[in-house]
Amino acid sequence: MALRNIVLAGVSGNLGPAILSAVSSSPSINVTVFTRPGSSPTVPSGVKTVEVNYDSVEDLTKNLNGQDAIVSTIPPTSATAQTNLIHAAVAAGVKRFLPSEFGSDLHNPLNRAAPVYADKIKVQELLSSLAAEGKITYTVVYNGMFLDWGLQFGFPVNLRKKTAVLHDGGERLYTTTTLAGVGKAVVGILSHPEETKNRVVRVGEAVTTIKELLALSQDIVGGEEWTITKPDTATEAEKALVKIKQGVFSHETILPFIYRAIWGKENGGHFTTTDNELLGIKELDKEGLQKVIQDVVDGK
């Protein structure tokens, strides 16, 4: 039986609005959005918003009564809030928890050992142990890099500045998904609770290379006056690790590990098997990739 009563925690970031759009458009799902005091996100009509105190397991538990599942897009900087939400979900009898993953494959040992993913690993281990005790079930979603969001913010290809970063040469295959595609995957998981119970789900709308993405982008915005760089993901991650050991946590030290997880040689950035068919995710062909790029150029 599908999970109908859903709480979405975290809708002010990049992914939250896309998931909210997908779940609120499903006629079989009733959506409640948890917000922090003073926050007033824009939500579709018919979606209930509830102010909660993420520092209080008691308050969260009270507001979770009657809910079937929680989808969390709480950012890594708020790890304690997500942990509190998990414990409240158990106390309230919530059946399923989707943690704030939605990225690279952290079951790959190289990624799992990276210090920047430590908080995510702790959440996975907590959910796994609670599930083993029969207290809750979970689904972890890996979808690779956000395709459209990456292009909007200029990586690995910056369409406005005409720059591209060919990590490890840009010829390695990797899996990527649009924000809307991730939203569709979440709806698919909620519609197939038994098939997605207590396991990792992998989805991907496209398998491409940075060089292919660059070529398609040049076809749209022109191939002249591009600046191309070719960093080595392993070398950059090693440099970042030195600074992290010195206590420096910043974009400069975090991003190299993210790039390595996507494009590194043995980091599993290309999902050779996915749950696309189960979740109703259609893969993009070359024309589909071109449309995503064109939409970003057009500001859609």
Side-chain angles (χ1 to χ4, degrees), residues 9-10 12-16 19 36 54-55 57 60 70-90 96-133 135-146 149-150 153 155 167-168 174-175 177 182 198-203 231-269 271:
S12 59
N14 301 302
L15 179 59
I19 294 180
R36 295 181 182 275
Y54 281 107
D55 294 326
V57 173
L60 291 167
I70 298 171
V71 180
S72 172
T73 59
I74 293 173
T77 51
S78 300
T80 300
Q82 182 167 233
T83 300
N84 287 345
L85 191 59
I86 291 170
H87 289 301
V90 170
R96 179 67 52 90
F97 197 101
L98 277 66
S100 188
E101 283 289 343
F102 307 108
S104 297
D105 188 342
L106 299 192
H107 278 64
N108 177 287
L110 291 175
N111 301 333
R112 204 167 185 84
V116 300
Y117 295 122
D119 285 335
K120 286 193 171 189
I121 301 305
K122 288 178 183 177
V123 167
Q124 287 187 9
E125 291 174 347
L126 173 61
L127 285 168
S128 179
S129 100
L130 291 170
E133 297 171 13
K135 294 181 177 179
I136 200 167
T137 67
Y138 67 88
T139 306
V140 169
V141 182
Y142 296 144
N143 48 252
M145 194 187 83
F146 297 142
W149 181 86
F153 284 87
F155 74 93
H167 295 279
D168 290 359
Y174 67 99
T175 297
T177 311
V182 178
N198 295 339
R199 72 176 183 92
V200 167
V201 164
R202 292 177 177 83
V203 298
D232 181 87
T233 57
T235 300
E236 295 303 309
E238 288 171 4
K239 292 178 183 177
L241 183 58
V242 172
K243 293 184 178 180
I244 285 175
K245 288 180 177 179
Q246 296 170 349
V248 179
F249 279 88
S250 64
H251 277 79
E252 182 185 358
T253 58
I254 293 171
L255 287 176
F257 289 97
I258 295 175
Y259 297 152
R260 190 184 183 197
I262 300 168
W263 294 294
K265 183 178 180 181
E266 298 177 349
N267 293 71
F271 302 166

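We're numbering straight along the sequence, starting at 1.
The CG atom of Asp232 lies 11.0 Å from the NZ atom of Lys265; values are rounded to the nearest 0.5 Å. Note that CG of Leu60 is 6.5 Å distant from CG of Asn84, once rounded to the nearest 0.5 Å. To the nearest 0.5 Å, the span separating CG on Leu126 from NE2 on His87 amounts to 5.0 Å. Taking CG of Asn143 as the reference point, atom CZ of Phe102 lies at 7.5 Å (rounded to 0.5 Å). The CZ atom of Arg199 sits 14.5 Å away from the OG atom of Ser128 when rounded to the nearest 0.5 Å. Here the CE-CZ distance, from Met145 to Phe155, works out to 6.0 Å after rounding to the nearest 0.5 Å.
Remark: the backbone N or O of Asp168 is not paired with any side-chain donor or acceptor of Thr233 at under 3.5 angstrom. One N or O on the side chain of Lys120 and one on the backbone of Glu101 form a donor-acceptor pair closer than 3.5 Å. No donor-acceptor pair under 3.5 Å is formed between the side chain of Thr73 and the backbone N or O of Leu15. At distances below 3.5 Å, at least one donor-acceptor pair connects side-chain atoms of Thr83 with backbone N or O atoms of Ala79.
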Working for side chain to side chain contact (heavy atoms under 4.5 Å, CB included), residues Leu241 and Phe257: CA-CA 9 Å; Leu241 183 58; Phe257 289 97; 4.0 Å; yes
Tyr138 and Ile86: CA distance, side-chain angles, deciding distance, side chain to side chain contact (heavy atoms under 4.5 Å, CB included) verdict: CA-CA 10 Å; Tyr138 67 88; Ile86 291 170; over 6 Å; no
Check against side chain to side chain contact (heavy atoms under 4.5 Å, CB included), Gln82 and Phe97: CA-CA 10 Å; Gln82 182 167 233; Phe97 197 101; 4.0 Å; yes
Side chain to side chain contact (heavy atoms under 4.5 Å, CB included) between Val200 and Leu106, intermediate numbers included: CA-CA 10 Å; Val200 167; Leu106 299 192; over 6 Å; no
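The aromatic rings of Tyr259 and His167 sit tilted, their planes meeting at an angle between 30° and 60°. In this structure, Trp149 and Phe146 have perpendicular ring planes: the angle between them is above 60°, well past the 30° mark.
Remark: of the listed residues Leu127, Val71, Ile70, Val201, Val71 is the sole one forming a side chain to side chain contact (heavy atoms under 4.5 Å, CB included) with Leu98.
When all heavy atoms of Ala234 and Arg260 are compared, the closest pair comes out as CA-NE, 4.2 Å. Closest approach of Ala261 and Tyr117 over heavy atoms only: CB-OH, 3.6 Å. Residues Thr139 and Pro99 share a closest heavy-atom pair of O-CD, 3.1 Å. Shortest non-hydrogen contact noted between Gly103 and Phe271 is O-CZ, 4.3 Å. For the residue pair Thr175 and Val203, the shortest heavy atom distance occurs at CG2-O, 3.8 Å. Minimum interatomic distance between Tyr174 and Ile262 (heavy atoms only, all atoms of both residues): CB-O, 3.7 Å.
Phe249 pairs by the ring pair (Phe, Tyr, Trp, His ring centres under 6.0 Å) definition with nothing, not counting sequence neighbours. Among residues two or more places apart in sequence or in another chain, the salt bridge (Lys or Arg N to Asp or Glu O under 4.0 Å) test is passed with Glu252 by Lys243. Under the rule for a salt bridge (Lys or Arg N to Asp or Glu O under 4.0 Å), Glu125 has no partner lying at least two apart in sequence or in another chain.
At a threshold of 4.0 Å, the pair Asp105-Arg202 counts as salt-bridged, since one of the basic side-chain nitrogens sits closer than that to a carboxylate oxygen.
Gln246 is listed as a side-chain neighbour of Val242, based on a closest heavy-atom distance under 4.5 Å.
Side chains of Asn108 and Asn267: no donor on one and acceptor on the other come within 3.5 Å.
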